[in-house]
Structure formats: C-alpha cells, structure tokens
There are 2 protein chains.
Amino acid sequence: MTKPTPDPRHTLTLRDVSEASGVSEMTVSRVLRNRGDVSAPTRERVLEAARALGYVPNKIAGALASQRVNLVGVVIPSLSNMVFPEVMTGISETLDGTGLQPVVGVTNYLPDREESVIYEMLSWRPSGMIIAGLEHSTAARTMLARAGIPIVEIMDIDGDPINHAVGISHRRAGRQMAEEIIAAGYRKIAFLGTQMPNDFRAKKRLEGFEEALSRAGLTLVDREYYSGGSALLKGREMTAAVLNRTPDVDFLYYSNDMIGAGGLLYCLAQGIDVPGRVGLAGFNGVELLDGLPRKLATMDACRLEIGRKAARLIADAPPASQVEELFPTLQPGDTIRH
Amino acid sequence: MTKPTPDPRHTLTLRDVSEASGVSEMTVSRVLRNRGDVSAPTRERVLEAARALGYVPNKIAGALASQRVNLVGVVIPSLSNMVFPEVMTGISETLDGTGLQPVVGVTNYLPDREESVIYEMLSWRPSGMIIAGLEHSTAARTMLARAGIPIVEIMDIDGDPINHAVGISHRRAGRQMAEEIIAAGYRKIAFLGTQMPNDFRAKKRLEGFEEALSRAGLTLVDREYYSGGSALLKGREMTAAVLNRTPDVDFLYYSNDMIGAGGLLYCLAQGIDVPGRVGLAGFNGVELLDGLPRKLATMDACRLEIGRKAARLIADAPPASQVEELFPTLQPGDTIRH
DNA sequence: TTGAAAGCGCTAACAC
DNA sequence: GTGTTAGCGCTTTCAA
C-alpha cells in the first residue's frame, strides 16, 4: 500500500522522486531516461516512486541542461486544404521512430505571420525546421540560415533553398498538364484559380502552363479568380461564369482539385459533355474526391513522400545540403478526351 | 557601418547582445521583452545590436527562469477530417491577442498515442491544454488533473469533464436528427458510419439516434460500417450495398457529411428520387460540400465556436470549472422531404 | 553502480 | 533607469 499521493499544489520535481525513493536525483534522472547502468532494484524503486507520484519530467529544464530539444518545427500555410494533412502524416510517420516530435505552425499564407511563427519556433531551439515553399522574407531566411540546424523547404524546388529542399517542380507540372491537354486536341483553354498572391506554387504552375501554351502558339482564352468560401461552390460559380462569358471554351484548367470538382459537378448537372465538349483538369490528386461520378484529371503532388523525405533529412542531418526532386504523375482520369 | 555579422557557429545569447551594445544583460532582457522602464536611447542601441546580430531569444532558458510558458497544448484525433482545422481556426483566432501560442498534437484516435502526446506536452509545462473528447485513459486523466493548469475538453459534453468542457451533446444531436426524420414520415431507416471504436462522439450520436427511434417504436433496418479510404467513395459503395441488401429502406443516416455526400452523388447518379424515395442526412455541416447539386441535411457541430470558447477559457483561466454547452442547428437541406 | 558539483541562458527580486 | 545576485530543474562531468 502506497500512501495517498501528496499535495499536488506544487509541480513535482526530480527531487520529490528522489526523496520518495531514497535515491539521488542523479540516479533518478538516469532511470527516467534509461541512461547508463542502474541496478535493477534501484530502477524499480525509482520507477515505482515516479509512477506513484505522477511525476512528469520538466523538459524545459532538461533541454536547457542538455542543450538538446527533440522538437521539429513544421511551418505550413494552411490546414484546411487537404494537402498539408497528408504531408504531416508523412512527417509523423517518419519521425516516429526517432524520438523527434513535430510541432506545427500555420501561417495562413501571410509572410509576416510566417516570419513570426518561424521566430517563435526557433526561440525553442528545435532540432530542425520543415517549411513549406521557397519564398520567405529576408529576415526569415536569415534567421533560418543562422539557426545552425537542418532546414528543409518542402513542396517546391523551383528556387533557391536555404539548406535542403524536397518537392516537385510546379512550373514543370503546369507545363506537363498543358502539353497533355494540347495533345488531346483542346485549343480554347481557360484557367480558374485562387486569388492568392502568396500561393507561389499555384502561380508557378500557371506560369509553366502558359509557357507550354505559348510554345504551341496558344494563349488562355479566359481566366477567373476567386477567394474564400466553399471551394466546391466556387468551382461551380466560376465555371458557370466562364462558360457564359466564353461559350467556345473547350478546356478548363483549375488550380486545385476542389474547385475542379465543383466545376465537374456543374458541367454534369448542366448536361455538358465532359470530356467531349469541354475537358477539365485540376491539381493535387486528392483521394478525397475519388467518389465523384467521373474521375477528374489531375496530378498528384507527392505529398506523403515529401513529408517522409523531409523528416528523413531532419533525422539524418546530412552535412551537405540536398535538393530532392520528386516527379508527380499525371492522372488523366475521365475528363480529358483521348 | 556595422561590422559584418560575427561567427555564427555558436548560438547567440543575451550576453552577446549585451557586449555588442555595452548594456547589461538584464537591461537587454528588459528591452527585448518590452518590460519596465528603459531609456529610449538605450532601447535603441539594444534593439539595433540584437537585430544586427540576428539574435533569437532562448525561450527554454526564459521559461525555466520565469516559470512561464506561453504555449497551449491542443490534442486532437485527426487533421484530415475537416472538423478540427475549423476548431483550430477558432483557437488561433482567440489566442492571437493573448500572447499564447497553440501547439498541436495528433492522436489518430489511438488512446495510447493520446496518452503519450499528453505526457510529452505536459512535460513542456504549457499554460493550458485543450483536448478533444471526454474519454481518456486513467493515466491521462490523472496527469491532466494534476498539471495545475486549465484543461478544456472539447467537442462533447456527454460525460465527466476533468476541468472545463465546451461542446455539444452528441447524444442529443442524434436524437434530434432521428426525430426530424421520423416527423418527415420515414420509417425504414439505416445507419452508415465509420468503424472506429474510439470515435466516441459518432457512437454517442448513434445511441441518441437509436434511442429516439425506439421511442417511436422503430429500429434500424440496416447498418453498414467502413474504415479507411476516400470517404466520398466509401459513401457510394456503402450506399449501394445498403440499397441492394435492403431495397425498401427509405432513409440513410450517415455518421459524417463526407460519406453522406458520396451517398447523395450515388443516388442522384442512379436516378433515385431524393428525398422522395430515400432521404439522406449526415453530420458536421462542412461548408466544403456547399457546391453539391443538392444540399445534404446535416447538423453543424459548432466547431468554430468551440475553438473560440475553449481558447477563452485557457486565456481567462477562471477559478471554477465550467461546462459550456453549445446547441447545433439542424439544417434540413434538400434531402429530407417535408 | 552511484553521487556531488557546476552550470545551461535566462528572469525575479532587490539594490543602487 | 540600470545593475547585481541568485536560482529555475535538470544534465554533464568527474569523482568515488
């Protein structure tokens, strides 16, 4: 029978466990970290005392003393667009064996916010940082470069990494999709996308897309932007707008699958022949949409793999900077004719 | 002209800023925290020195010394189901003015994982914890109860909170939906949901639902469970299965909107009269789906408001435990006849 | 295998 | 307005 747990008004320290078990603080510390050799009986007594007291170690003190923090900062623009949760899965999965823990910060695509999130995170001296994108404020870049820890910029490789980078070429992805569409015989192509000046990756995809069009002697016949609201709904609305304004359009290229899905549902509801009369394509390869009546053409962004490789880089901390390019596969689905 | 930044091989400390600015560490600390009175010129010199050096404070040391950590732990089961991102938005929004920062941990609906996430978080001595659900391991409850910080259990109020709770009654939500369905004249009702033993809230909704059915002398005519995969696709498949197996079913109650949407798309594609031949309802009120051809009946789970109120409780830290019940509104949409 | 001393980088509390 | 001292709760290092 152990005595009832003592007054929980003060947070427990190693000292409390030490006194309760009659073993020095140092030995208690060793037991709790599975460090060094501790005799089995001592170890038992310590563990029992710690458990009975409900001791939770103070990582702040531990980190200060050991100069070691098992945290990895992850800075992403948004949680709500289906793409980052999957990246997080890859990161967690890979970090799981390593003793490292991801800590997420969200920037909402705001550079100022990104800067302050990075600053806050660095002030906890994490073991590494994973950050979406290659575009950051000068101050942010400087902080990261000086932090003396592995930095991995993810999603995109079209640019100049601070340290490591893992991602795809969005420029090339846009180009590839344009080539596929042109090869399928579409000629009156419109773009429908988000109005986010700081979504650099969407911007690069569009650049690549237009580049390929222009190489084929084509230009976009229409474009439509949106911001906020339900993506599915916006997809419908934008699609309606474009089809009305430019009746002879024969392809709609969406900046993401979600608005593409809205467009697809709209076309089907209107009885528009897809992909005969108009073709459609999105971007991301979100599994979420697999249940649609027709499979939207898209490119998967290798999200899981990006998360995994980024985490690997943090865990392994190779001395030399690395850039890992992944290659998305184009999934023609049922909305591009062939 | 300032000299080029010095050797960045060691991480900078207050001492470096102190030396660079010719001001005591203590004063530097004051300036950097906007604390106490510091003369304007001194403040300027310090800030300039800090900026020039690229100093990032060490919060570990600061937290240890001040016994204060501006972090709020947020423990949620999943990032990928649309419901928690919105809760996070509410939390961030509310915490923004307070100097507190949310730190997210994900459990994947695994109790063991939840326990370890909680342990890890508490070991950083956060200012408060927000945790989804009221069901936790005994060890987890004990740790939380003893942490001496505000604890807010969110989403659900059908149970016994550790400290504060903010959420809805899922039992009642299920009951309400059943009553609505029965009032609309449906009698052959099936349930389609996730196979997750640890999704206690879905379970409670179903309990409430069946309770109301039974009060009306009804029982479920069929049920179908799934796990993993694309929710939209699963929704289609499960719906097909139920309609085949139980042809006279006249209502499908889904445990979430996403599979409900899959079911809706399936029914429409099959030319099934919705809501005449079969009615449909989901749960969550995800705005995401607003673009569907028909609006799915659902109940919104007050996610944003839950996040806000939970964060408020942490920030205000009222001495007495509080339970805040929110009341979801039933949105009949177009898939329940009237 | 165990213990004692020193100190991680900062801030509270108090002097000046 | 600014500086000094002590110490937060651990771990490192070294001694026993």
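Reckoned from all heavy atoms, side chains included, excluding hydrogens, waters and symmetry mates. Note that the structure is a prediction, hence the values are computed from the model and not measured. All chains are named by letter (A, B, ...) in the order of the sequence lines, taking the proteins before the strands, and each is independently numbered beginning at 1.
- If you measure from atom CG of B/N34 to atom C1' of C/dT11, you get 15 Å, rounded to the nearest angstrom.
- For B/I149, the side chain to side chain contact (heavy atoms under 4.5 Å, CB included) criterion is met by B/L122, B/P126, B/M129, B/A147, B/I151, not counting sequence neighbours.
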Distance-only check: which donor-acceptor pairs under 3.5 Å involve side-chain atoms of residues 31-41 of chain A, not counting sequence neighbours?
unit_1, atom_1, unit_2, atom_2, d
A/R33, NE, A/S29, O, 3.3
A/R33, NE, A/S29, OG, 3.2
A/R33, NH2, A/S29, OG, 2.9
A/N34, OD1, A/R43, NH2, 3.1
A/S39, OG, A/T42, N, 3.4
A/S39, OG, A/T42, OG1, 2.5

Exercise for the section: With side chain to side chain donor-acceptor pair (under 3.5 Å) as the test, would you mind laying out the steps for A/H136 and A/E114 before giving the verdict? Expected result: CA-CA 8 Å; A/H136 317 288; A/E114 182 186 72; 2.9 Å; yes
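- Of all non-hydrogen atoms in B/V74 and B/M121, the two that sit nearest each other are O-CE, 3.7 Å.
- A/D112 pairs by the salt bridge (charged side-chain N to carboxylate O under 4.0 Å, His left out) definition with nothing, not counting sequence neighbours.
- Applying the side chain to side chain donor-acceptor pair (under 3.5 Å) definition to pairs two or more places apart or across chains, those involving residues 86-105 of chain B are A/R113-B/D96, B/E86-B/R303, B/E93-B/R308.
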Strictly under 3.5 Å: I want the nitrogen or oxygen pairs between protein and nucleotides 6-8 of chain C, one per line.
unit_1, atom_1, unit_2, atom_2, d
C/dC8, O3', A/Q67, NE2, 3.2
C/dC8, O2, A/L64, O, 3.4
C/dC8, O2, A/A65, N, 3.2

Side-chain atoms of residues 59-66 of chain A: list all donor-acceptor pairs with protein atoms under 3.5 Å, sequence neighbours left out, distances to 0.1 Å.
unit_1, atom_1, unit_2, atom_2, d
A/K59, NZ, B/E120, OE1, 2.9
A/S66, OG, A/G62, O, 2.8
A/S66, OG, A/R68, N, 3.3

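- Panel note: side chain B/S123, backbone A/V56; no donor-acceptor pair is recorded below 3.5 Å.
- If you walk DNA chain D from 5' to 3' and mark each nucleotide with an atom closer than 4.0 Å to a heavy atom of chain A, the marks span D/dG9 to D/dT13.
- Evaluation of the salt bridge (charged side-chain N to carboxylate O under 4.0 Å, His left out) rule for B/R312 yields B/D316 as partners, not counting sequence neighbours.
- Contact check, B/Y55 against C/dG9: no side-chain N or O comes under 4.0 Å of OP1 or OP2.
- We find that CZ of B/R35 is positioned 13 Å from C1' of C/dA13, with the value rounded to whole Å.
- Side-chain N or O atoms of A/S18 include none that pairs as donor or acceptor with a backbone N or O of A/L14 at under 3.5 Å.
- In this structure, the CG atom of B/N58 is 9 Å from the P atom of C/dT11, given to the nearest Å.
- The end-to-end axis angle of the helix from C/dT1-D/dA16 to C/dC16-D/dG1, rounded to 10 degrees and based on five pairs per end, is 30°.
- Judged as a salt bridge (charged side-chain N to carboxylate O under 4.0 Å, His left out), and not counting sequence neighbours, B/E44 has no contacts.
- B/S21 contributes a side-chain N or O that, together with a main-chain N or O of B/V17, makes up a donor-acceptor pair within less than 3.5 Å.
- Residues from residues 18-30 of chain A lying near DNA chain C, meaning a heavy-atom separation below 4.0 Å, are A/V23, A/S24, A/M26, A/T27, A/R30 in numerical order.
- The interatomic distance linking A/L14 (CG) with C/dA4 (P) rounds to 14 Å, in whole Å.
- For C/dA12, one of the phosphate oxygens OP1 or OP2 lies less than 4.0 angstrom from a side-chain nitrogen or oxygen of B/R68.
- Remark: A/E115 pairs with no residue by the salt bridge (charged side-chain N to carboxylate O under 4.0 Å, His left out) rule, at least two apart or across chains.
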